[in-house]
Amino acid sequence: MRDPRGRLIAFEGTEGTGKSTQLRLVADALRRDGHRVRLTREPGGTPLGTEIRRLVMHADTDVPSPLTELLLYLADRAQHLDAVIRPALAAGELVLTDRFSVSTIAYQGYGRQLDLDTVIRLDTLVRGDVSADLTILLDSPVDIGLRRAHGDDRFHRADVAFHQRVRHGFLALAGQTPDRFHIVDVTRPCEDVTATIVSAIRSWLQTR
C-alpha cells in the first residue's frame, strides 16, 4: 500500500550547478514512475514569494543587509510552507523544491557570515515540523559553476570568496547528516547527472 504521507526533496547547490534543469528532468522521470510530483522553488514559490525574490535578488538600490536578507528569505519560507509545501505533503505528493533550508544556512550563515546558531534557530522556528526528507546536493568547483551560471542577480555578481564559503557550507552541512544528503558531481554530462539523481531517489524511496 502506498504511504499516504508526502515526501520533501530539496535540490541544493552553488551557482551554476544546474538545479533548475535537473529538477525538471528528475520530475519527469519520477512522474513516469507513477509519482505525483509538485515542483516549487525558494524564493518565489508563491505570489508573495515572487515579490520577495525580486526584493532580495534584484535590488540595485537599497540593497538588503545580511540580516534583512535572511529575514526576507525566512518570510518567503513561512508563506511557501503554508501555501504550497504542507498542503502538497498532506495530499501525499512528492515535493521537489529548488532550494530550502540548507541554502539559507549555507548562503546567509557561511556566505554572509551571520551567526550560524542564530540562522539555524530562526530557520527551525519558521519550518516547525517540516524538514527536507532528502537533500540532493549538486556540487562542482566554484570556478566551473560560475562559468556555467546564467543570470545577473546579486548572488551571481558576488566575489569568488563568497561562493567558496557557500560551497564549504554546503559540504559541511552534508557531512553533519550524511544519511539525509546525496552529493552529486555535476561536472559530468547532464544526462549522467540526471540518471544518478533519479537512481538515488528511486533507491531512497524504496526504503521509505
Side-chain angles (χ1 to χ4, degrees), residues 7-31 33 35 37-45 53 56-57 73 76-77 80 85 94-112 119 123 131-205:
R7 298 286 188 270
L8 176 60
I9 301 176
F11 282 55
E12 305 278 17
T14 53
E15 308 303 321
T17 51
K19 294 185 316 313
S20 299
T21 297
Q22 291 300 330
L23 201 75
R24 291 192 299 271
L25 294 171
V26 171
D28 288 344
L30 294 173
R31 286 175 177 136
D33 289 347
H35 296 284
V37 179
R38 175 74 63 96
L39 288 184
T40 189
R41 69 175 183 173
E42 290 193 356
R53 185 181 187 90
V56 173
M57 300 179 70
Y73 275 123
D76 169 79
R77 180 158 303 135
H80 191 210
I85 293 177
L94 193 59
V95 181
L96 307 186
T97 181
D98 185 342
R99 297 199 184 284
F100 196 57
S101 291
V102 171
S103 275
T104 300
I105 300 168
Y107 275 83
Q108 279 68 58
Y110 286 86
R112 299 295 190 209
V119 174
D123 172 65
S131 60
D133 296 291
L134 175 67
T135 296
I136 302 295
L137 177 56
L138 305 181
D139 182 57
S140 79
V142 165
D143 59 335
I144 294 175
L146 291 178
R147 286 200 301 270
R148 291 178 170 180
H150 301 290
D152 190 35
D153 59 55
R154 291 195 305 116
F155 294 95
H156 286 91
R157 298 193 298 267
D159 61 33
V160 172
F162 169 81
H163 293 288
Q164 293 283 14
R165 292 194 300 272
V166 171
R167 185 190 183 206
H168 170 73
F170 278 126
L171 294 173
L173 293 165
Q176 291 169 17
T177 54
D179 57 315
R180 302 180 72 90
F181 281 77
H182 189 84
I183 302 174
V184 181
D185 175 6
V186 298
T187 61
R188 298 171 298 142
C190 179
E191 59 270 21
D192 291 350
V193 173
T194 304
T196 297
I197 297 171
V198 171
S199 176
I201 292 176
R202 284 172 176 161
S203 297
W204 176 79
L205 286 170

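The figures here come from the full heavy-atom set of this structure, side chains too, leaving out hydrogens, waters and symmetry mates.
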Shortest non-hydrogen separation from [X] to [Y] and the atoms involved:
{"X": "V37", "Y": "A27", "result": "CG1-CB, 3.9 Å"}
{"X": "Q108", "Y": "Y73", "result": "NE2-CE1, 3.5 Å"}
{"X": "S140", "Y": "T14", "result": "O-OG1, 4.4 Å"}
{"X": "G111", "Y": "V166", "result": "CA-CG2, 3.8 Å"}
{"X": "L8", "Y": "S131", "result": "CD2-O, 3.8 Å"}

Original post:
Is a donor on one side and an acceptor on the other found under 3.5 Å between the side chain of R147 and the backbone of G16?
Top reply: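 Here the side-chain-to-backbone pair does not exist.
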Which distance, rounded to the nearest 0.5 Å, do you find between the [atom1] of [X] and the [atom2] of [Y]?
{"X": "L30", "Y": "L25", "atom1": "CG", "atom2": "CG", "value": "11.0 Å"}
{"X": "R167", "Y": "H163", "atom1": "CZ", "atom2": "NE2", "value": "13.0 Å"}
{"X": "W204", "Y": "H182", "atom1": "CH2", "atom2": "NE2", "value": "13.0 Å"}
{"X": "D185", "Y": "L137", "atom1": "CG", "atom2": "CG", "value": "11.0 Å"}
{"X": "E42", "Y": "R77", "atom1": "CD", "atom2": "CZ", "value": "4.0 Å"}
{"X": "T135", "Y": "F100", "atom1": "OG1", "atom2": "CZ", "value": "9.0 Å"}

Original post:
Any side-chain donor paired with an acceptor under 3.5 Å for R99 and Y107?
Top reply: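 A pair is found: one side chain offers a donor N or O, the other an acceptor, under 3.5 Å apart.
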**OP:** May I ask you to test the L171-I183 pair for a side-chain heavy-atom distance under 4.5 Å?
**Re:**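 SC-SC contact between L171 and I183 confirmed.
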Subject >> M57 side chain reached by P43 side chain, heavy atoms, under 4.5 Å >> reply: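 Yes. Closest side-chain heavy atoms under 4.5 Å.
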Original post:
Between R41 and L23, is a side chain to side chain contact (heavy atoms under 4.5 Å, CB included) present by the stated rule, with each step listed?
Top reply: CA-CA 10 Å; R41 69 175 183 173; L23 201 75; 5.9 Å; no
**OP:** Would you mind checking if R7 and D133 are paired as a salt bridge, meaning a charged N to carboxylate O distance below 4.0 Å?
**Re:**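 So D133 does not pair with R7 through a salt bridge.
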Original post:
Which is it for V26 and I9 under the side chain to side chain contact (heavy atoms under 4.5 Å, CB included) test, yes or no, and what are the steps along the way?
Top reply: CA-CA 11 Å; V26 171; I9 301 176; over 6 Å; no
**OP:** Give the intermediate values and the outcome of side chain to side chain donor-acceptor pair (under 3.5 Å) for residues T104 and D123.
**Re:** CA-CA 8 Å; T104 300; D123 172 65; 5.0 Å; no
Return a table of donor-acceptor pairs under 3.5 angstrom between the side chains of residues 193-203 and protein atoms on other chains or two or more places apart.
residue: T194; atom: OG1; partner: Q22; partner atom: OE1; Å: 2.6
residue: T194; atom: OG1; partner: Q22; partner atom: NE2; Å: 3.4
residue: T194; atom: OG1; partner: C190; partner atom: O; Å: 3.1
residue: T196; atom: OG1; partner: R188; partner atom: NH1; Å: 3.3
residue: T196; atom: OG1; partner: R188; partner atom: NH2; Å: 3.3
residue: T196; atom: OG1; partner: D192; partner atom: O; Å: 3.0
residue: R202; atom: NE; partner: D33; partner atom: OD2; Å: 2.8
residue: R202; atom: NH2; partner: D33; partner atom: OD1; Å: 3.2
residue: R202; atom: NH2; partner: D33; partner atom: OD2; Å: 3.4
residue: S203; atom: OG; partner: S199; partner atom: O; Å: 3.1

